[in-house]
Amino acid sequence: MEALRQGILENLQALKGSGNFASIGQRPFLFPGLEVKGLGEISFPIQAFQAKALIDQSHKAPFGKGSRTVLDTSVRSAWEIDAENLYFQNPQWESILEETIEEIKSDLGLEGDEVAAHLYKLLIYEEGDFFLRHKDSEKEKGMFGTLIIGLPSTYTGGELIIEFEGQEAIADFANSGPGHSLNFAAFYADCDHQVKPLTSGFRVCLVYNLVQKEPGAKVELQSTRTQVDRLAQILAKGNDRQEPLFVLLGHQYTPENFSAASLKLHDRYRAKALLAAAKQAGLYGKLCLVTSHVRGVPAYHSYNDWDDVMEDIIDEDLYIEHWIENEYPHFNSVRFEEQDLISSSPINDGEPLISEADDYFGNTGPELNHWYHYGAVMIWGSKANAQLLEEEDVQSQLEWIGYFNSIDVVTEEEVQAVRNIFRYGLLETYRSSNIQYDHLIDWVINRDETEFFLNLEATRLQFLYLKLDPSSLLRLFQYIETQEISWFFSKVNQDITLPVLEKSMELLTVMVHHEQLTGISQKLISELPEQLEDLIESASVLPGQEGLNTLFELAASQDLQWAENMVAAFTKSPKRSYIREVLAPGLLYNETKTVLSEKLKEHCIKYLEDLVADKPEAPGDWSRPVPNTVGYEKQWEILRPFMESPTIEVFDYRERKEARSLMED
């Protein structure tokens with residue numbers, strides 16, 4: 001671990017800047033007051049007649065080839081006007097330029113450098129003009145890059161494509177609000193770039209040389225690939241770690257403002273390099289916010305007078321507060337310790353990002369809370385991933401199974417972890433509402449895990465059955481053999497419950513319309529009366545309103561014998577409340593007339609007629625025994641004559657409220 005730590009830290013020290021090779025953006029439009037010698041001030045957006053007038057004042061643009069300047073329209077076709085013939089009358093133009101440079105410095109990781117933009121040319125591209133792939137030569141001392149500012153005009157094509165080490169950035173000024181903004185693109189001189197042919201209109205751009213103002217270490221674009229290769233070799237040596245490691249970046253961030261775009265100074269470059277190196281080494285990497293919460297007692301001088309200094313620590317807690325989304329799902333319950341952190345300085349060393357003090361409470365003294373929020377990259381291997389997966393909540397487990405479905409190679413440890421999730425995981429949590437379980441069926445089909453899935457314990461299979469969407473189960477049944485479908489349902493229907501029965505009825509309404517599944521679906525439908533009877537005997541429950549509607553839909557394709565068997569199950573132990581509140585209303589509003597619905601309607605009518613015919617009669621003897629209870633002896637004595645009388649039906653008790661209340665009790 002110590003060698004791993006030192007290797008990572010030494011390589012990170014060499015990573016300066018942001019790692020970005022280009023900066024592309026927009027600024028609100030401001031009239032620059034641009035004048036061209038021999039032509040006068042230019043109006044905006046630039047019209048075709050103005051662009052042609054600019055071309056009249058320009059010359060064909062050459063390009064550098066080694067130490068020579070070459071004019072070859074098969075390589076570059078464009079027009080240019082030199083800087084000495086350009087003038088800016090609006091004094092605010094310099095402010096716009098400075099604001100643009102500050103944004104560029106942030107994007108290119110040059111916050112600590114003094115950078116200037118020196119005007120070089122005005123370029124005009126007309127229809128058919130282009131510039132093939134090339135690098136810019138250093139045209140003056142201290143030049144390290146180029147800034148292009150697109151002036152508002154109407155055209156199509158002419159995309160500026162910037163490349164470095166296999167990565168590509170595209171500045172398409174034509175589709176970035178022409179006429180309403182100033183588009184810009186800046187890039188290092190080491191970058192290959194090209195301008196695609198213009199297909200219509202005129203593209204007019206100002207070109208500036210980006211120059212390092214102060215002498216010092218030369219500003220240049222580092223080879224990200226070389227740095228990533230070195231880090232990947234170091235990380236690969238720790239591939240067998242069972243616990244993840246956390247490489248802390250150089251700054252703290254509030255949870256509300258933590259994002260990949262908000263990383264400060266060198267953090268962005270280092271994070272990108274670490275993530276790329278982890279992937280190259282066959283590891284996982286994810287950007288996160290590591291929070292250290294320290295709770296303790298402040299140094300205080302007297303009552304209500306204490307410092308924001310922690311004198312004694314009560315407890316400390318390390319956890320992940322926030323994740324930055326990338327291709328890998330995140331975790332919700334990663335446990336780690338300080339020894340798993342890789343940092344150039346000890347954690348909690350210096351000022352906390354957030355500090356809060358609690359006042360005296362009763363006899364309890366004041367309490368101080370410090371929060372340190374570190375930007376970090378979590379790196380872990382497949383073995384650690386398998387271990388983490390089994391400890392996660394249902395949402396994370398399903399998201400990871402979904403991720404595995406999208407890739408070709410999953411390690412044996414991870415496959416075993418997913419199998420354990422099928423067997424024991426996916427437990428409900430407060431976060432698990434509206435979670436889709438479809439990833440499970442995709443896993444079974446994509447990994448050909450049907451034998452494993454069908455051999456799960458019956459109670460587990462039943463649990464998953466209730467979670468899975470009918471469309472997912474349908475895909476599974478179209479993938480497996482008919483006898484495997486029968487085996488699946490035989491296990492699911494063991495110790496059948498009402499939710500399972502209603503889920504099966506819902507599923508069968510879909511299956512019966514698929515030619516491949518017609519035979520097995522009819523067999524399963526024929527077993528429903530027996531399952532309903534078993535359910536009533538074991539749990540005394542019957543389908544609700546939705547279940548009834550589904551059953552009526554299934555009954556449309558069934559014969560008389562099936563309907564009679566189903567009616568026999570329904571009427572075996574009828575409940576008055578079920579008939580009155582569920583079955584009778586369901587039949588009254590049922591629009592699907594079937595043998596089953598008519599038979600059930602006949603049963604309900606007969607049941608209600610018999611109930612009405614059994615009229616209640618007054619008892620011949622109204623007497624009741626007086627309860628032998630402790631308390632309320634006086635009230636029971638008052639009631640005794642009424643209770644013991646065979647003829648008195650009503651006890652008329654007239655008394656004040658307090659006495660009436662006792663009698664009611």
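Computed from a predicted model, the values in this text were never measured in an experiment.
Relative ring orientation between W323 and H330 is described as parallel, the plane-to-plane angle staying below 30° on a 0-90° scale split at 30° and 60°. Y403 and Y284 have perpendicular rings, their planes meeting at more than 60° on a 0 to 90° scale where under 30° would count as parallel. Ring planes of W400 and F331: parallel class, angle under 30° (limits at 30 and 60°).
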Checking side chain to side chain contact (heavy atoms under 4.5 Å, CB included) for the pair L263/L287: CA distance, chi angles, key distance, verdict?
CA-CA 11 Å; L263 294 181; L287 194 58; 3.9 Å; yes
With side chain to side chain contact (heavy atoms under 4.5 Å, CB included) as the test, would you mind laying out the steps for L132 and R76 before giving the verdict? CA-CA 6 Å; L132 295 183; R76 184 186 193 186; over 6 Å; no
- Begin with the C-alpha distance, continue with both residues' side-chain angles, and end with the deciding distance and a verdict on side-chain hydrogen bond (donor to acceptor under 3.5 Å, both in side chains) for E356 and N369. CA-CA 5 Å; E356 290 182 4; N369 289 276; 5.7 Å; no
#### Entry: side-chain hydrogen bond (donor to acceptor under 3.5 Å, both in side chains) evaluation trace for Q57 with N85
CA-CA 10 Å; Q57 299 296 321; N85 296 319; over 6 Å; no
Verdict with supporting geometry, D107 and N20, side-chain hydrogen bond (donor to acceptor under 3.5 Å, both in side chains): CA-CA 6 Å; D107 288 346; N20 290 339; 5.2 Å; no
Before giving the answer on side-chain hydrogen bond (donor to acceptor under 3.5 Å, both in side chains), spell out for N332 and S396 the whole-Å C-alpha distance, their side-chain angles and the decisive distance to 0.1 Å.
CA-CA 7 Å; N332 294 304; S396 290; 2.7 Å; yes
Note to self: Using the rule given for side chain to side chain contact (heavy atoms under 4.5 Å, CB included), can you reason through I81 versus L123, listing the C-alpha separation, both sets of side-chain angles and the distance that settles it, and then say yes or no?
What the structure shows: CA-CA 7 Å; I81 298 174; L123 295 178; over 6 Å; no
Please determine whether side chain to side chain contact (heavy atoms under 4.5 Å, CB included) holds for the pair V115 and F144, giving the CA-CA distance in whole Å, both sets of side-chain angles, and the decisive distance to 0.1 Å. CA-CA 10 Å; V115 174; F144 66 88; 3.9 Å; yes
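Other residues, nucleotides and ligands place no more than 12 heavy atoms under 6.0 Å from the NZ atom of K37. Around the CD atom of Q6, the shell of radius 6.0 Å holds more than 12 heavy atoms that belong to other residues, nucleotides or ligands. Residue-environment remark: CD (E351) stays at or below the threshold of 12 foreign heavy atoms within 6.0 Å. Residue K139 places its NZ atom among more than 12 non-hydrogen atoms of other residues, nucleotides or ligands, all under 6.0 Å distant.
S77 contributes no side-chain N or O that, together with a main-chain N or O of T73, makes up a donor-acceptor pair within less than 3.5 Å. Looking only at distances, no side-chain donor or acceptor of S343 sits under 3.5 Å from a matching main-chain atom of P346. D267 places a side-chain N or O within donor-acceptor distance of the main-chain N or O of G250, the cut-off being under 3.5 Å. Judged purely by atom type and a 3.5 angstrom limit, D349 has no side-chain atom pairing as donor or acceptor with the backbone of S345. Under the 3.5 Å distance criterion, the side-chain polar atoms of Q252 are matched with a main-chain donor or acceptor of H373. Here the side chain of Q397 pairs a donor or acceptor atom with the backbone of E392 at under 3.5 angstrom. Side-chain atoms of D136 never come within 3.5 Å of backbone atoms of H193 as a donor-acceptor pair (strictly under, hydrogens ignored). Of the possible polar contacts, none joining the N183 side chain to the G150 backbone as a donor-acceptor pair under 3.5 Å is found.
Proximity of the aromatic rings of Y208 and H118 is defined here by a centroid distance below 6.0 angstrom, and this criterion is not met. A distance of 6.0 Å or more separates the ring centres of H293 and H370. Y125 and W79 have their aromatic ring centers separated by at least 6.0 angstrom. Proximity of the aromatic rings of F246 and F336 is defined here by a centroid distance below 6.0 angstrom, and this criterion is met. Aromatic rings of F29 and F44 (six-membered ring for Trp) have centroids within the 6.0 Å cut-off, being under it. Note: F202 and Y155 fail the aromatic proximity criterion, with ring centroids not under 6.0 Å apart.
The pair R335-E243 does not meet the salt-bridge criterion, since no charged nitrogen lies less than 4.0 angstrom from a carboxylate oxygen. Between E127 and R203, none of the side-chain N atoms (NZ, or NE/NH1/NH2) sits under 4.0 Å from a carboxylate O, so this pair counts as no salt bridge. Residues E126 and K52 are not paired through a salt bridge, judged by the lack of any N-O separation under 4.0 Å between the basic side chain and the carboxylate. With salt bridges taken as basic N to acidic carboxylate O contacts below 4.0 Å, one links E80 and K121. Between E103 and R27 there is a salt bridge, since at least one side-chain N of the basic residue sits less than 4.0 Å from a carboxylate O of the acidic one.
Contact record, S200 with T156: OG-OG1, 2.6 Å, taken as the closest heavy-atom pair. Contact record, I234 with G7: CD1-O, 3.4 Å, taken as the closest heavy-atom pair. Scanning both residues, Q50 and P45, for their nearest heavy atoms gives OE1-O, 4.2 Å. Among all heavy-atom pairs drawn from S344 and Q13, the shortest one is CB-NE2, 4.4 Å. The minimum heavy-atom distance linking A22 with A169 is given by the pair CB-CB, 4.2 Å. Taking every heavy atom of both residues into account, F184 and S23 meet most closely at CE1-OG, 3.7 Å.
Both tests hold for K264 against Y253: distance to the six-membered ring centre under 6.0 Å, angle to the ring axis within 45°. Relative to the ring axis of F130, K196 does not place its NZ or CZ within 45° and under 6.0 Å from the centre.
At least one side-chain heavy atom of T146 sits less than 4.5 Å from a side-chain heavy atom of F187.
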